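The structure appears below as structure tokens.
The model shown is predicted, which means the values in this text are computed figures rather than measured ones. All ligand and atom numbering here is 1-based and tracks the order in the structure.
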Amino acid sequence: MPSSPNSGRVEVICGPMFSGKTEELIRRLRRAMIAQKAVVCIKPAIDQRFHPTAIASHSEMSIEAIPVKDVEEIERVLDANSAAEVIAIDEAQFLAPEIVKVVERLVHMGKRVIVAGLDTTYAGEPFAPVPELMAIADEVTKLSAVCMQCGQPAIRTQRLRGGTERVVVGAGDVYEARCRFCFEPASRPGA
Ligand code: ADP
Ligand code: MG
Ligand code: ZN
């Protein structure tokens with residue numbers, strides 16, 4: 001059944017690395033598939049961890065995904081998949097600000113859009129465009145990981161090495177989850 005124009009909604013799943021954003025995204029997509037919805041899942045091609053055409057969690061759950069290099073390509077993929085009722089985007093922090101307008105357009109077409117991404121950078125600052133997507137969302141789910149220093153809920157991503165560029169793609173070798181008290185924003189990676 002095609003989605004009606006008033007049924008569109010935006011769901012944002014955010015939190016630090018290892019908080020289960022991808023697992024939660026996969027859980028919602030599996031349920032949508034059980035409900036016989038037409039689903040399309042997209043991820044920025046910059047994130048080549050694990051598999052080029054799937055999203056995969058740190059716990060090895062995975063689901064097929066279309067890799068895209070930018071927001072324009074997302075629009076092309078969605079034009080080619082116009083029957084999709086549920087559109088999922090993982091690792092949204094790697095996308096340009098134009099994604100906000102694209103998501104709004106999709107919602108007005110009646111689509112359910114589920115976006116997952118980091119809400120803060122390794123420096124502990126808002127990680128655009130995720131905060132902007134949170135602002136237009138119908139529902140925001142903020143997940144926490146487990147602090148690798150003290151075991152409390154973790155809302156920060158600590159970079160352990162790899163320099164000071166905003167984007168350094170990596171997993172447990174480069175990053176760990178930390179609570180706000182154990183997080184060390186000023187620590188110079190490698191110093
Ligand atoms: P995200 O997409 O938010 O990075 P994932 O969904 O890929 O998270 O992975 C979540 C899984 O990562 C957890 O279910 C757990 O198995 C594993 N994990 C590894 N380190 C941690 C940690 N510090 N806190 C919580 N989960 C962790
Ligand atoms: Mg993830
Ligand atoms: Zn801690």
Sidechain-backbone polar pair: E85 side chain, A38 backbone, donor-acceptor under 3.5 Å:
yes
Those residues that, when tested against T120, pass side chain to side chain contact (heavy atoms under 4.5 Å, CB included) (two or more places apart)
R156
What's within reach of the Zn ion (ligand 3), meaning protein N/O/S atoms under 2.8 Å?
C147 SG, C150 SG, C179 SG, C182 SG
Above 12 or not: heavy atoms from other molecules or residues under 6.0 Å from CD of E72?
no
If we count only N and O atoms by modelled type, under 3.5 Å, do the side chains of E23 and S59 hold a donor and an acceptor together?
yes
Should R27 and E24 count as an ion pair when the cut-off is N to O under 4.0 Å?
yes
Enclosure of R105 CZ (heavy-atom neighbours >12, cutoff 6.0 Å)
yes
Can you give me a line-by-line list of nitrogen or oxygen pairs between ligand 1 and the protein shorter than 3.5 Å?
| residue | atom | partner | partner atom | Å |
| --- | --- | --- | --- | --- |
| ligand 1 | 2 (O) | T22 | N | 3.0 |
| ligand 1 | 2 (O) | T22 | OG1 | 2.9 |
| ligand 1 | 3 (O) | S19 | N | 3.1 |
| ligand 1 | 3 (O) | S19 | OG | 3.4 |
| ligand 1 | 3 (O) | G20 | N | 3.0 |
| ligand 1 | 3 (O) | K21 | N | 2.9 |
| ligand 1 | 3 (O) | K21 | NZ | 2.7 |
| ligand 1 | 4 (O) | F18 | N | 2.9 |
| ligand 1 | 4 (O) | H58 | ND1 | 3.3 |
| ligand 1 | 6 (O) | T22 | N | 3.4 |
| ligand 1 | 6 (O) | E23 | N | 3.0 |
| ligand 1 | 7 (O) | H58 | N | 2.7 |
| ligand 1 | 7 (O) | H58 | ND1 | 2.9 |
| ligand 1 | 8 (O) | G20 | N | 3.0 |
| ligand 1 | 9 (O) | H58 | N | 3.4 |
| ligand 1 | 14 (O) | E23 | OE1 | 3.2 |
| ligand 1 | 14 (O) | E23 | OE2 | 2.6 |
| ligand 1 | 23 (N) | V146 | O | 2.9 |
| ligand 1 | 24 (N) | V146 | N | 2.8 |
| ligand 1 | 26 (N) | F18 | O | 3.0 |

Classify the ring geometry of F94 against F127: parallel below 30°, tilted from 30° to 60°, perpendicular beyond 60°.
perpendicular
Quickly, which of T22, D119, L25 forms a side chain to side chain contact (heavy atoms under 4.5 Å, CB included) with I13? Name it, please.
L25
Using salt bridge (Lys or Arg N to Asp or Glu O under 4.0 Å) as the criterion, list what pairs up with R76, not counting sequence neighbours.
none
Let me check your reading of the structure: within less than 2.8 Å of the Mg ion (ligand 2), is there an N/O/S atom from M17?
no
R112 side-chain N/O to E11 backbone N/O, donor-acceptor pair under 3.5 Å:
no
